[in-house]
Every structure is written in C-alpha cells, then in structure tokens.
Amino acid sequence: MNFITLPKCKLALSRGLEKGNTEFTLKDWVTTVYDADSRRWLSINCREGKELLMDTGEDEEPFEKAFPICAVIREEIDAGPPDLNALVFNVDGKVLCRSTDPYDDVTPGTHYAPLSDYHIPAHTKVLGRDELIELERLIAFVDIVTPVASSSPAQERLVFKYYQYVYGIAGNWNSIHIGAKLSDHPHIAPVRHVIVDETDRSRVVGFTMPYYPVDDLRTQSSSRASRPFHLKLKWIQQLMRTVDDLHLKYGVVHGDLHEGNMMIDPATDNLVLIDFGCAQKIGTPQNHYHHRAALTHEPPRAPLLDIGEDIKHVLHAVYRLVTGIIGGRSDGNGGFIVTTSAHIREGEWVKAPNVTLDHPIEEYQSLCVNWLRARNAGPRITKHCQASEPLDYPDYMPPPEVDIKAYKRELADPNLRPRYQPPCEPEWEGLLEDMRGFGWSWEMWSAEWIKELRGLPYATSGRNFLRRKATAAGLSVLGWERPLTAHLDRTRPLLANGKYQDEYVGAGAAPTTQRKRKHSAGQENVVDQDTEQDGDEHGGRTLDSEGVTPTKRVTRSATKKKAGNAGPTPCEPTRKVAAPKRKRKAAPSKAKE
Ligand SMILES: Nc1ncnc2c1ncn2[C@@H]1O[C@H](COP(=O)(O)OP(=O)(O)O)[C@@H](O)[C@H]1O
Ligand SMILES: [Mg+2]
C-alpha cells in the first residue's frame, strides 16, 4: 500500500490522493488525509501549501515539510467535533474553515468480495470483525488484536490488516491467498484468519497474521545510532531462498521487498516476509490495474511487475543493511549504487557503524553475487504457470455487478470513453544484466482509468465511490471509525469494528431492526438479513472446502439477480462545493468530484 503513516501525528498521507492542482490553483495543497487514530478520512486544503509537499531530499522523510501542518490537523481532529469532514488553513497553520457538512465527507467506500469468491484453504479460520478486540492501532489499516474467544488474550496477539478504499482490493486479494496457501512456509507470515464484516458475515474485509514483537529490519537498521543492530548472514540466505520459492516454485512476485517488510520471529530467530499487498501472480498486471483487468478479461497495456524488480530490491536491501548506504538512490556523489551486477561484484562494501555482522562482510557480498549469478543462469519465469508448483487461485477478485455495468456504460458512451488513457509504454532500464525490471513510476499509480470510472456513482472500483453518495441513495457503507485513543475508556474492551464490547449487540444475537438493512444493486456493503452464524471455540470457523462456507455463501448469481431486480442505478449530477444556493456551514475547498 502506498500510505505513509506519520508516527507523531498519527496521520497517513498518500501522494495518490492529492488532487490534480490544475483543476483550480497551482499553489494549494489539496488532499485527503487518513487519521490512523480514529480511522477516519478528512478533506484538506492548505492555501498556498503546495510547496510543503515538494521533495525535501533523498535522505529525508517524505512529507517532512508538511509536518507542522500535520500537527495542526492532529490538534483539530483531537479537539473535535467528531464529524469534522474538512479543514482549510493557510501555510502558517491558521485554520480558516472547519466543515462538518456531510457534503464535504470524503470517506471512500469500496468493494468487499464475498467469501465464496476467495479460494481459501480449509484450515484457514474465519472470524467476524466483532470477534476481535483491539489492543493497539499500529499504522493505517493495521492493528494489533486478540480474538474475543482467545483463552490467553495477553499472549495471543495478532496483526489485523484490512482495507478501506479501492486501492486495497488487489492487495487484500493477493495477500490473503498467498498467506493462507503458504501458511506452512517458515519464512512467510501466515494468514491465520480471514476477517469478514460483522453484518452479514460474508464479505471479506481483511485477515490476521501472527504479531512479531520486534521492530522490522528497516526500523532496527535506522535506529542503529541509539542501539546496535545485529545482522545475521542466515537471515539474508533465508530471504533469498524465500524469494526463489516465491518466483520459481509458486509463480508469485512480492513487489515490495524492502526492509520494512522483513521481520525476525523471536520464537525461531528466522526471517519472515510480511506485506504481500503489492504481490501478484507473475504475468498479471500491477495491483492498481487489478480491477480493470478483472473487468476486461484482457490485461491492460500496463507494464508487468517483473521478478527482476524483486531481485533488485533484495540486493538493495542487503546492501543498505550492511553498509548503511541508501542503495538504489544517490550515493552522495550523485551516482546510483546497485544498478548492475558489477556494482555488487566490484563495489566496495564497508560496514556501517553500529552494525554487527556474524560473518565477514565479504561473505555478504559474495552471497549477493552468487545469488544473482544463479538467478541469471536459472529458469526464466514470465508467467505464473511456468513455476514448478504455481499457487492456484483466481488472478483477480471478481468485480461486482455494478462495476461491470459501469464499465460497459463507459465503453458504450463516446463522451466517457476518451477519459481512459492507456498508460505510457514502460521505459526499460538495463538492470542487473538480463534480470530486467522497471523503475517505479507515478503514472502507474495514478492510472487514469481508476480515477475516471464514472459511468455510475456506485462503481466500487472507481475512486469516485464515496460514502456520502451511497448514503444519499439509501445504501449503507461499512464503517471503520474508532474512538480517538485519547478518549478511550481503557477499562472496556474495544472491538475491531469500533464498538465497545459491552455496548455492541453482536451479530450472533437475534437480528434487531437496527441491523436490518436493504439489499440493492450496486451496494457492496449491504446486509443479508437471514444469514446464520456458526463457530468453534478456538477463535474462528473453518471452511468446509476451499472458498466455501456452509452457511455464508453468497453466489454470483444471487448478486446478479439482486442487481437485475433493482433496475438502473441513478446517476448523481456533478456538484461542486461552491455550488450556488446551498446552505453550508463551511466551504473549505472547491473540491471537484
Ligand atoms: N505481523 C507483524 N508483526 C509485527 N509488526 C508488523 C506486522 N505486520 C506489520 N507490522 C509493522 O507494520 C508495518 C506496516 O505493515 P505492512 O504490512 O508492511 O503495511 P504497509 O502495507 O502499510 O507497508 C511494518 O513495516 C511493520 O513495522
Ligand atoms: Mg509494508
């Protein structure tokens, strides 16, 4: 995922959410921020604030210039009101406008596929969000939790990872399948539970994995000035073997192999890879093209994530961990460090201060050289099916009916169709001899189609799918809000759905009128009124066979039938914040839909 959580102010920012400034002014910073504390979204307009976002330098934190403004945003959120939707301020941090107008609500909704769409192994348990107790909010979309049914909550700590917006769809799909199917692999964090919404208990919102109570390798390495950092050669060997397994055996590319996604399990002293949010089957389009590819059944003209990218990232990571030099970026003299194998072979490796190695530094270097040589001489895998034991799960999450309709409408309408610009041809860079890979490019991230799938306002694949639109149409969207930690009553367990356990009328109880909601086409978070719940006393239900629960099955045909019955979904006219004749408490920005 592409959010950066700023620890001090607990806000998460993403370049992907910044609004195109050409729409109104070149100078404002207009964006959506995610409050990783209250799990809410907020619209931000900082007048003349665009400069705050300019890159500060390669070794500095992204968004560093925006820190003072982020501190102001934090104060405003903490001071309330709880339904604050938008803030406007100037670059000095003076608040010009606060809005609680529902029209300014930028909370996105997204598609949560039915459990029956997933191919989950039988041993993977299923739990509702209301069967998890929050212990800590780690970063955006990641919590530490314990199952309500756990017999030893203090010991049984799990990480709960979920998604709240369209870009999380592919990450969740791939992470769950890879982590569940490879749960026996000693160096891959296993998926312990698939987590479903607590309303109809059929929609998959995320998953759990074990919590490793140590810092990831990036945090350990970057804190080495204050505490020594020990780097064992065996961890690097385990990392390389695991990447070989992923590529050559299972036909999967990780896609995000930096040190922040490498943990050491203190129980086994083994390296464990986490975060398969950018992973995919080799030969399928990059994660942000996932849903489009699912819609068209023909891969878009998008660059494929190449296994060379993983290899490059591993080599960069090892080089960084050992030398402390930010490999792959500037070496301080304006050059790039690890871009060809010659750099690894011939470059001088000097151990960083405060790093302890358990073998001579030359062994780390030769491990890299030999691994690269072996991979270059080994089999070329460009398609998932060429692997020796390819992981078997559907390439894409099946899109909901409403997205299929929106896509067809877009194709049929000459006024809508031109909005989709195929991504540029990728630029190939010679890299690591013939292990080629692409550099990261923002064009890929901001792929036009995902912004512009606007044929229907409830097309959950589109970035325009907002909670307020669904609410206006009488539909409900799964909520994720939590009380601010500063206001938490710590004597009462808080469930992962944001409700205190003692105030929550669980889904296991008889349905209340509050829990009965309508089904309607295009609404992906709607609630079945007649589903039952079964469970075991060990923290989850198990599936009877791959991807099928005995009582929670929601079939594609049922979804289609519902869609068919509901008739066409109305289009919402385009409105702007500055629309005339509207009574508004505040007008924080000229946010364009
Ligand atoms: N299972 C885990 N145990 C301990 N820490 C974890 C675990 N999963 C994630 N983290 C911590 O949270 C950070 C972000 O989690 P990650 O899954 O990588 O999310 P993202 O997609 O935002 O990068 C990791 O870099 C790590 O520090
Ligand atoms: Mg990560």
Side-chain angles (χ1 to χ4, degrees), residues 1-7 10-17 33-36 39 61-63 132 134-147 155-176 178-180 182-183 185-193 195 205-223 229 239 253-280 286-288 290 309-310 313-314 316-317 320-321 440 445 480 496:
M1 289 194 197
N2 204 258
F3 271 87
I4 295 177
T5 309
L6 309 176
K10 295 190 223 155
L11 295 178
L13 304 178
S14 169
R15 288 271 149 90
L17 286 181
V33 299
Y34 177 73
D35 179 15
R39 303 305 195 201
E61 296 221 37
F63 302 114
L132 298 175
E134 175 200 285
L135 299 178
E136 199 182 314
R137 295 166 209 178
L138 211 49
I139 59 161
F141 320 115
V142 186
D143 299 324
I144 304 177
V145 297
T146 190
Q155 275 84 47
E156 194 178 353
R157 285 191 289 170
L158 299 167
V159 163
F160 171 34
K161 212 170 165 187
Y162 46 93
Y163 70 108
Q164 286 184 242
Y165 67 124
V166 60
Y167 291 128
I169 287 177
N172 199 60
W173 182 254
N174 287 302
S175 299
I176 287 184
I178 296 167
L182 298 182
S183 60
H185 196 288
H187 306 296
I188 290 173
V191 163
R192 288 269 183 260
H193 301 94
I195 305 301
V205 301
F207 61 94
T208 71
M209 62 180 139
Y211 171 64
Y212 304 105
V214 285
D215 283 335
D216 59 73
L217 285 188
R218 178 164 61 192
T219 311
Q220 288 193 42
S221 162
S222 57
S223 330
F229 169 51
L239 170 64
V253 60
H254 182 282
D256 200 15
L257 282 170
H258 59 73
E259 303 90 303
N261 292 331
M262 300 170 193
M263 311 297 299
I264 305 302
D265 181 351
T268 58
D269 192 34
N270 280 340
L271 177 132
V272 180
L273 276 184
I274 59 164
D275 193 0
F276 286 75
C278 294
Q280 61 211 46
Q286 286 214 313
N287 61 350
H288 15 288
H290 175 100
E309 193 81 352
D310 270 0
H313 285 153
V314 167
H316 284 178
R320 273 193 297 258
L321 289 169
W440 179 258
W445 176 245
W480 285 97

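Indexing begins at 1, ligand by ligand and atom by atom, following the structure's order.
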_Nitrogen or oxygen atoms of N261 and ligand 1 under 3.5 Å apart_ = yes

*Please check if any side-chain donor atom of T219 sits under 3.5 Å from a side-chain acceptor atom of D216, or the reverse.*
yes

*Would you say D216 has any N or O atom under 3.5 Å from an N or O of ligand 1, going by distance alone?*
yes

*Decide whether Y162 and D143 meet the rule of one side-chain donor and one side-chain acceptor closer than 3.5 Å.*
yes

_Centroid-centroid under 6.0 Å between Y165 and Y34 rings_ = no

*Just jot down the ligand 1 atoms closer than 4.0 angstrom to any heavy atom of D275, in number order.*
16 (P), 17 (O), 18 (O), 19 (O), 20 (P), 21 (O), 23 (O)

*With the Mg ion (ligand 2) as the point of reference, which N/O/S atom of D275 is the closest?*
OD2

*Would you please determine whether P210 falls within less than 4.0 Å of ligand 1 on a heavy-atom basis?*
yes

_Aromatic contact, F276 with H254 (centres under 6.0 Å)_ = yes

*Looking only at heavy atoms, which two atoms of M263 and I274 are closest? And how far apart?*
CG-CG2, 3.7 Å

*Number the atoms of ligand 1 from 1 as they appear, then name those within less than 4.0 Å of a heavy atom of K161, with their elements.*
16 (P), 17 (O), 19 (O), 20 (P), 21 (O)

*Which is it for M263 and ligand 1 at heavy atoms under 4.0 Å: side chain, backbone, both or neither?*
side chain

_Backbone of D215 reached by a side-chain donor or acceptor of Q220 within 3.5 Å_ = yes

*Considering only heavy atoms, does I139 approach ligand 1 within less than 4.0 Å through its side chain, its backbone, both, or neither?*
side chain

_As an exercise, identify every atom of ligand 1 less than 4.0 angstrom from a heavy atom of Y211._
3 (N), 4 (C)

*Do any nitrogen or oxygen atoms of G260 come within less than 3.5 Å of a nitrogen or oxygen of ligand 1?*
yes

*For the rings on F3 and F141, is their centre-to-centre separation under 6.0 Å?*
yes

